[in-house]
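When a residue number appears, it is its place in the shown sequence, counting from 1. What you are looking at is a predicted structure, and each value in this text was computed from that prediction instead of being measured.
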Amino acid sequence: MTIKKTPKQATATRSGESSIAISVANQKYNDETHIVFKDGIGLNKVNHMNENIPMLYVIDNNEKLAIATMNDNVKEVSLGFEAMTMGEYTIAVKAQNCKFNNMTLIDKMTGKKTNLLTDSYTFMATTSDSPDRFTLTLNADNDNDADFIYINNNEMIINNIEGNGLVQIYDMMGRSVATYNVSGSANISMETLSEGVYIVRMTDANGVKTEKVVNN
């Protein structure tokens with residue numbers, strides 16, 4: 001048997017450290033990824049020996065991490081998920097010594113938002129789904145969950161943008177369909193979008209906001 005070393009070394013979570021354990025499970029198998037809020041080197045994700053076990057990992061700098069180390073000022077975490085079999089899955093978190101009172105999981109395929117500190121999230125997945133399906137936003141308050149888009153005359157109107165912002169629009173498959181650089185406020189025409197449901201994510205100096213909109 002050959003053991004291949006990874007270029008990164010593991011950072012174990014310890015009692016008293018600020019961390020989040022994120023898990024995914026179906027009826028037979030489960031997997032976990034961890035975020036540790038401290039300086040250090042994380043641990044790369046490796047494939048499971050059992051090919052039926054789902055994969056959950058943090059995506060950071062295009063790397064798949066089983067353990068990610070981050071500053072506790074982080075506002076958004078990209079989660080990679082790969083279903084090895086079609087079926088129903090549930091994502092949940094266990095937080096330790098964290099300042100956050102809102103950890104919102106955003107499913108870019110369905111537009112569903114769930115505060116994982118109070119509820120788990122159950123969803124259907126197939127092996128052909130995009131692995132870049134989920135985003136986890138971390139907030140010390142609930143302000144970022146408020147609706148921020150007003151629809152009028154087939155335009156998305158966004159006000160109170162703090163500093164320079166970025167608006168990204170995704171379809172229900174999690175694919176990016178448009179990106180806009182904005183400042184102050186924005187009026188974005190929906191005429192170029194096909195009828196359907198979209199996920200709009202805005203990033204500005206105040207953090208990240210996500211809302212589902214319908215174009216009809």
(request) Working to the nearest 0.5 Å, report the span between NE2 of H34 and CG of L43. (result) 9.5 Å
(request) Given side-chain contact (heavy atoms from CB on, under 4.5 Å), test T85 with K28 step by step and report yes or no. (result) CA-CA 11 Å; T85 58; K28 291 185 177 181; over 6 Å; no
(request) Could you pull out the closest heavy-atom pair between G111 and I199, with the gap in Å? (result) CA-CD1, 2.9 Å
(message) Would D31 and K45 count as a salt bridge (Lys or Arg N to Asp or Glu O under 4.0 Å) here? Give the steps.
(response) CA-CA 11 Å; D31 191 31; K45 193 78 174 184; 2.8 Å; yes
(message) How about CG on N160, more than 12 heavy atoms from neighbouring residues, nucleotides or ligands closer than 6.0 Å, or not?
(response) no
(request) Give the cluster check for I59 versus L79: same hydrophobic cluster or not, with ILVMFWY residues linked at side-chain heavy-atom distances below 4.5 Å. (result) no
(message) Could you check whether any side-chain N or O of S23 sits under 3.5 Å from a backbone N or O of E32, counting only pairs where one atom can act as donor and the other as acceptor?
(response) no
(message) If you take the centroid of each ring, where Trp contributes its six-membered ring, are Y57 and F81 closer together than 6.0 Å?
(response) no
(message) Between V197 and K212, does the side-chain contact (heavy atoms from CB on, under 4.5 Å) criterion hold? Intermediate values first, please.
(response) CA-CA 7 Å; V197 182; K212 179 168 63 175; 3.3 Å; yes
(request) May I ask you to check whether Y121 and T110 show a side-chain donor-acceptor distance below 3.5 Å? (result) yes
(request) Tell me, with the steps shown, if C98 and M103 meet side-chain contact (heavy atoms from CB on, under 4.5 Å). (result) CA-CA 10 Å; C98 292; M103 297 183 185; 4.2 Å; yes
(message) Determine whether a donor-acceptor pair (N or O, by modelled atom type, separation under 3.5 Å) exists between the side chain of T33 and the backbone of L65.
(response) yes
(message) Under 4.5 Å between side-chain heavy atoms, counting indirect links through other Ile/Leu/Val/Met/Phe/Trp/Tyr residues: same cluster for I151 and Y180 or not?
(response) yes
(request) Could you tell me whether the side chain of N215 and the main chain of M190 form a donor-acceptor pair under 3.5 Å? (result) yes
(request) Establish, from distance only, whether the side-chain atoms of S120 and T90 form a donor-acceptor pair under 3.5 Å. (result) no
(request) May I ask you to decide if T126's main-chain N or O and D129's side chain share a donor-acceptor pair within less than 3.5 Å? (result) yes
(request) Of all the heavy-atom pairs spanning Y89 and G87, show the shortest one and how long it is. (result) CD1-O, 3.5 Å
(message) Let me confirm one number: the OG1-NZ distance from T137 to K75, rounded to the nearest 0.5 Å.
(response) 10.0 Å
(request) State, to 0.1 Å, how close F37 and V74 come at their nearest heavy-atom pair, and which atoms those are. (result) CE2-CG1, 3.8 Å
(message) Nearest 0.5 Å, please: how far is CZ in F123 from CE in M109?
(response) 9.5 Å
(request) Sequence neighbours left out, what passes salt bridge (Lys or Arg N to Asp or Glu O under 4.0 Å) with D132? Give chain and number order. (result) K108
(request) Using a 4.5 Å cut-off on heavy atoms from C-beta on, say whether the side chain of D107 contacts that of R133. (result) yes
(request) Let me know which of T203, I149, N181, I158 forms a side-chain contact (heavy atoms from CB on, under 4.5 Å) with V167. (result) I158
(message) Assess, by modelled atom type and distance only, whether the side chains of S194 and Y198 contain a donor and an acceptor separated by less than 3.5 Å.
(response) no
(request) Would you kindly confirm whether I106 and Y170 end up in one hydrophobic cluster when ILVMFWY residues are joined by side chain heavy atoms under 4.5 Å apart? (result) no
(request) Could you list all the salt bridge (Lys or Arg N to Asp or Glu O under 4.0 Å) pairs where at least one residue sits in residues 185-208, not counting sequence neighbours? (result) E76-R201
(message) Tell me if a side-chain donor or acceptor on N153 pairs with a main-chain N or O of E155 at a distance below 3.5 Å.
(response) no
(message) Would you say that L166 contacts V182 through its side chain, given a criterion of any heavy-atom pair below 4.5 Å between the two side chains?
(response) no
(message) Between S19 and V36 (side chain of the first, backbone of the second, donor and acceptor by atom type, cut-off under 3.5 Å), is there such a pair?
(response) no
(request) Report the distance from atom CG of L105 to atom CD1 of I22, rounding to the nearest 0.5 Å. (result) 8.5 Å
(message) Looking at D171 and R175, would you say the former's side chain and the latter's main chain have a donor-acceptor pair under 3.5 Å?
(response) yes
(request) Starting at CE of M156, measure out to CZ of F148 and round the result to the nearest 0.5 Å. (result) 9.0 Å
(request) Compare every heavy atom of S185 with every heavy atom of N159, then report the nearest pair and how far apart it is. (result) OD1-CB, 3.6 Å
(message) With a 6.0 Å cut-off (strictly less than), is the heavy-atom count around CE of M124, excluding the residue itself, greater than 12?
(response) yes
(request) Side-chain contact test, heavy atoms from C-beta onward, threshold under 4.5 Å: evaluate it for I53 versus M84 and give yes or no. (result) no
(request) State, with a plain yes or no, whether a side-chain heavy atom of V177 is found less than 4.5 Å away from one of T192. (result) no
(request) Flag the pair K64 and E82 as a salt bridge only when some basic side-chain nitrogen lies within less than 4.0 angstrom of an acidic carboxylate oxygen. (result) yes
(request) Please check if I91 and M55 belong to a single hydrophobic cluster, counting links between Ile, Leu, Val, Met, Phe, Trp and Tyr side chain heavy atoms closer than 4.5 Å. (result) no
(message) If only side-chain N and O atoms count, and only distance matters, is there a donor-acceptor pair under 3.5 Å linking N44 with E63?
(response) yes
(message) Would you compute the distance between atom OG1 of T104 and atom CG of N115 and round it to the nearest 0.5 angstrom?
(response) 5.0 Å
(request) Kindly give the heavy-atom pair with the smallest separation between L117 and F100, and that separation in Å. (result) CD1-O, 3.5 Å
(request) Check for a donor-acceptor pair, side chain of H48 on one end and backbone N or O of P54 on the other, with a separation under 3.5 Å. (result) yes
(message) Is any side-chain heavy atom of V58 closer than 4.5 Å to one of V77?
(response) yes
